[in-house]
Amino acid sequence: MNIKRFKIPAFLIVFVMSIMFCGYTKEYDEYQSKVYDDAGLFTEYEIDELQEMCVSSANQTKLDVVVATINDSQGKSSMVYADDFYDDMGFGYDQGGSGLILLMDMDNREIYISTEGIAIQYFNDNDIDNVLDDLYNYMVSEDYYNAAVTFINEVNSHVSRINNYYYDDVESWFDGDYTDYEDFEEDSHESIFANPLIDLLVAAVVSAIIVLCMTSKSKSRMTVNANTYMNRNKFNMHRSMDTYLRTTVTKTKIQSSSSGGGSGHSGGSHHRSSSGRSHGGGGRKF
């Protein structure tokens with residue numbers, strides 16, 4: 001038997017098995033352009049600065065951060081354009097395409113933030129609205145560069161805050177078992193109560209406990225009644241009146257889910273793009 005004939009197939013088997021056990025991990029490309037200024041809103045210096053900031057943010061947050069400006073939306077809404085542009089360009093820090101893009105749509109006069117991958121979990125609808133609030137005044141005053149800078153800084157600070165308080169909510173994503181956010185979300189919301197047999201068992205146990213408690217109480221004899229505390233030789237009735245004086249109103253600010261503390265950080269609403277990927281996000285007219 002010629003052993004040399006089996007060297008290449010054996011190597012290929014080992015190589016394929018190593019990929020299967022190690023899992024697929026997309027390598028983030030820090031040399032890829034992260035700033036696309038088709039609308040001509042930035043100077044060359046500003047583009048270079050924003051490019052450096054986007055790459056630095058990605059290395060810090062493990063999210064791909066992209067800024068794009070357009071004059072022609074090609075008949076698409078800002079949401080559709082942002083989703084498609086992100087997918088078509090192949091952005092994403094990991095195998096699930098995690099990242100965000102800020103689109104300055106001068107055609108529809110709208111700023112839109114599209115999220116993908118674990119960025120949907122990091123940025124829920126309320127978080128997106130808060131970022132858009134911070135960008136709005138810059139857009140109205142045509143200070144587009146500082147709008148982009150603010151966006152990147154907000155991504156950095158928000159992700160850092162979520163990791164400090166709610167990292168357990170996103171930790172399983174980084175194991176590399178997910179390529180789409182909906183799969184991650186479904187697994188994250190699974191609980192023992194998702195099984196109907198367990199639901200019935202729990203209900204039966206609770207019902208049995210309630211019945212036993214009621215039975216135990218019914219067996220005890222009542223030794224106290226209304227006559228026990230009544231003094232039949234003395235009965236007085238006192239008249240009591242309530243007088244309205246004033247009304248006091250107390251206001252308490254309700255903190256958003258991203259303000260730290262609490263029991264968890266829920267992800268944002270999401271939809272499918274034309275490529276079939278899950279995206280979250282939101283926009284604001286200016």
_Basic-acidic side-chain contact under 4.0 Å: Lys62, Asp94_ = no
*asked:* Donor-acceptor pair, distance only, cut-off 3.5 Å: does the side chain of Glu52 make one with the backbone of Glu49?
replied: no
_Do the side chains of Arg277 and Asp83 get close enough for a salt bridge, i.e. N-O under 4.0 angstrom?_
no
*Quick one: does Asp64's side chain have a donor or acceptor within less than 3.5 Å of a partner on Tyr93's backbone?*
no
*Any donor and acceptor pair, going by atom type alone, linking the side chain of Asp127 with main-chain N or O of Asn124 inside 3.5 Å?*
yes
_Quick check against the 3.5 Å criterion: does Tyr166 have a side-chain atom that pairs as donor or acceptor with the backbone of Asn163?_
no
*Just by distance, do the side chain of Gln51 and the backbone of Lys34 share a donor-acceptor pair under 3.5 Å?*
yes
*Met104/Leu102 under side chain to side chain contact (heavy atoms under 4.5 Å, CB included): CA gap, chis, key distance, verdict*: CA-CA 7 Å; Met104 298 182 182; Leu102 169 65; 4.0 Å; yes
*Quick one: does Ser57's side chain have a donor or acceptor within less than 3.5 Å of a partner on Met53's backbone?*
no
*Does the Thr115 side chain pair with the main chain of His279, one donor and one acceptor, at a distance under 3.5 Å?*
no
*Asp105 side chain to Asp107 backbone, donor-acceptor under 3.5 Å*: yes
*Is the gap between the ring centers of Tyr138 and Tyr145 under 6.0 Å?*
no
_For Leu63, is there any backbone N or O sitting under 3.5 Å from a side-chain donor or acceptor partner on Thr61?_
yes
*Are the side chain of Tyr86 and the backbone N or O of Gly99 linked by a donor-acceptor pair below 3.5 Å?*
yes
*asked:* Quick check: His158 with Tyr122 (ring centres under 6.0 Å apart)?
replied: no
